[in-house]
Amino acid sequence: MTGNDIDRRHRFAQDCARQAGAIARHYFRSGEALSSAEKGRHDPVTQADLEIDRFLIDQLAGAFPADGILTEETGGSPARHLWVIDPIDGTLNFARGIAHFAVSIAFCIDGRTESGVVYDPVSNEIFTARRGQGAFCNGRPIRVRAARGPSDAIVDAGYSLRHPAADYLGLIGNLLGQGYAFVQNGSAAMGLAAVACGRIDGFCELSLKSWDVLAGLLLVEEAGGWTSDFPHGPGLLEGHKVLACTPSIRQSLQDLMLAATTPRRKTLLSSHEIRRGTASARP
Ligand code: IPD
C-alpha cells in the first residue's frame with residue numbers, strides 16, 4: 001500500500017467521522033440517546049451506537065472492500081489492512097446526556113496504526129494524526145504539555161468493571177500519593193485526545209479494548225507524547241493496560257500502574273516510598 005493510499009483513507013476516515021458524529025449529535029440533542037440496553041453493568045449500548053457502527057462499516061467496506069474492519073458493536077478479526085472503530089466511545093456519558101463522547105476511527109497496516117481520527121460531535125473538534133506527519137485539532141498542530149512533574153500534572157484514570165476495583169483504588173491512591181490531580185471523564189478516546197493537545201498530561205486505564213484507544217494513542221504519539229504498546233494480532237480483541245502521557249511523567253506513571261497491579265504491592269504507597277523505590281505492602 002502506498003503513502004497515497006493511506007492518505008486517501010485518512011481523509012475518508014475524517015469525512016466518515018464527521019457524518020457519524022452528526023448522527024450521534026442528532027440522537028444526543030433529541031434525547032433519544034437515553035434509550036439503551038445493557039451489555040453489562042454500567043456498559044450500555046444505544047440505538048445510536050448500533051446505527052453508527054453499521055453506517056461506518058457500510059461506508060468503509062464500500063470504499064475499501066479489501067480492508068478488514070473491527071468494531072466495538074459488530075466485532076471482526078485481525079487483518080493486514082484493518083480499520084478499528086468505536087462508533088461512540090463514552091457511551092455511558094452519551095446515554096446519560098453528558099456531552100463527553102467521540103467517534104474513534106483507526107487504520108492499521110501490519111499491526112501499526114497509520115491513521116487516527118477522534119471526532120467530538122458536540123464541540124465539533126476533530127483530532128487527527130497520520131503517522132510521521134504530526135497531530136492536529138481542527139487542522140491546527142497540537143503538542144503534549146511539558147508538565148514539570150506530578151504536582152503540575154492532571155491524569156485521566158479511566159475505570160470499567162472489567163478490572164478489579166481493588167487495583168483501581170490502588171492506582172488512584174498512588175496517583176494522589178505522588179501529588180497528581182486526577183479525573184475520570186468516561187471516554188478513553190477523548191482522554192487521549194486531551195493528552196495530545198495538552199489539556200491534561202496523562203491518561204491511563206487498566207483494561208481497554210483496541211477500538212477505544214488505537215486512534216487516540218497515535219494522536220498522543222504524533223503530538224510528542226509517550227504511549228504504551230497495544231498488542232496487535234489476536235491481542236486486538238482483548239483488553240490491555242493503556243498508558244499515554246507527556247514524556248516527563250512517563251516513569252512515574254509506569255511505576256504507579258505496575259504497583260497497582262502487582263499483588264504484594266496492592267496497598268497504597270506513600271510518595272516517600274515510591275520516590276525511594278522501597279515500597280512494600282502495608283496493612
Ligand atoms: C468505554 C470508555 C470509557 C472506559 C471504558 C470503555 P465505550 O468505551 O472508553 O472511558 O473507561 O473502559 O469501555 O464502551 O463507551 O465505547
Side-chain angles (χ1 to χ4, degrees), residues 17 20-21 23-24 27-28 33-57 70-76 83-106 116-122 127 154-165 167-169 171-172 175 182-196 199-200 202-220 227-228 230 236-244 257 260-261:
I23 301 172
Y27 273 99
F28 187 72
L34 302 178
S35 67
S36 63
E38 292 280 319
K39 283 192 284 190
R41 273 192 303 151
H42 301 301
D43 189 12
V45 57
T46 68
Q47 183 55 36
D49 287 272
L50 300 175
E51 188 174 322
I52 295 169
D53 200 74
R54 176 46 48 200
F55 169 79
L56 290 172
I57 291 172
L70 170 64
T71 83
E72 175 172 17
E73 310 305 341
T74 302
W83 294 95
V84 183
I85 292 164
D86 194 340
I88 299 178
D89 184 71
T91 300
L92 189 56
N93 284 343
F94 177 77
R96 295 291 190 93
I98 299 168
H100 195 76
F101 55 87
V103 178
S104 175
I105 302 177
V117 175
V118 171
Y119 179 52
D120 173 348
V122 178
F127 297 88
I154 301 176
V155 175
D156 186 342
Y159 177 65
S160 79
L161 290 166
R162 286 189 298 274
H163 208 87
D167 289 353
Y168 186 70
L169 293 175
L171 177 64
I172 298 307
L175 281 169
F182 92 95
V183 291
Q184 205 289 85
N185 281 336
S187 165
M190 290 286 286
L192 291 166
V195 175
R199 290 176 190 160
I200 62 175
F203 175 88
C204 59
E205 189 160 337
L206 296 168
S207 178
L208 277 167
K209 297 290 188 60
S210 55
W211 42 80
D212 298 316
V213 296
L214 287 190
L217 287 173
L218 184 63
L219 292 174
V220 175
T227 66
S228 52
F230 198 96
L236 278 178
L237 305 171
E238 292 156 12
H240 299 282
K241 220 188 268 189
V242 167
L243 171 60
M257 284 191 89
T261 51

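None of these values were measured; they are calculated from a predicted model. In each ligand, atom 1 is the first atom listed, and ligand 1 is the first ligand listed. The analysis underlying the following values was restricted to heavy atoms, covering all of them including side chains, and did not include hydrogens, waters or symmetry mates.
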Which of the ligand 1 atoms, numbered from 1, are nearer than 4.0 Å to a heavy atom of [X]:
| X | answer |
| --- | --- |
| Gly90 | 7 (P), 15 (O), 16 (O) |
| Glu205 | 4 (C), 5 (C), 11 (O), 12 (O) |
| Thr91 | 15 (O) |
| Ser160 | 12 (O) |

Are [X] and [Y] packed together at the side-chain level, in the sense that at least one heavy-atom pair is separated by less than 4.5 angstrom?
| X | Y | answer |
| --- | --- | --- |
| Thr261 | His163 | yes |
| Trp211 | Val84 | yes |
| Val213 | Thr227 | no |
| Glu73 | Pro87 | yes |
| Asn93 | Asn185 | no |
| Tyr27 | Thr46 | no |
| Thr71 | Trp83 | no |

Checklist entry - Does Asn185 reach ligand 1, in the sense of a heavy atom lying below 4.0 Å from it? => result no
Quick check: does [X] get an N/O under 3.5 Å from an N/O on ligand 1?
| X | result |
| --- | --- |
| Ile88 | yes |
| Asp212 | yes |
| Leu92 | no |
| Gly186 | yes |
| Ala188 | yes |

Checklist entry - Can you name the residues that form a side chain to side chain donor-acceptor pair (under 3.5 Å) with Thr91, not counting sequence neighbours? => result Asp49
Item to check | Flag, side chain of Tyr159 to backbone of Leu169, donor-acceptor distance under 3.5 Å | outcome: no
Using heavy atoms and a threshold below 4.0 Å, how should the contact between [X] and ligand 1 be classified: side chain, backbone, both, or neither?
| X | answer |
| --- | --- |
| Ser187 | backbone |
| Lys209 | neither |
| Asp86 | side chain |
| Asp89 | both |
| Tyr159 | backbone |

Next on the checklist: Which label fits Phe230 and His240: parallel for a plane angle under 30°, tilted from 30 to 60°, or perpendicular past 60°?
Outcome noted: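 Aromatic pair Phe230/His240 classed perpendicular.
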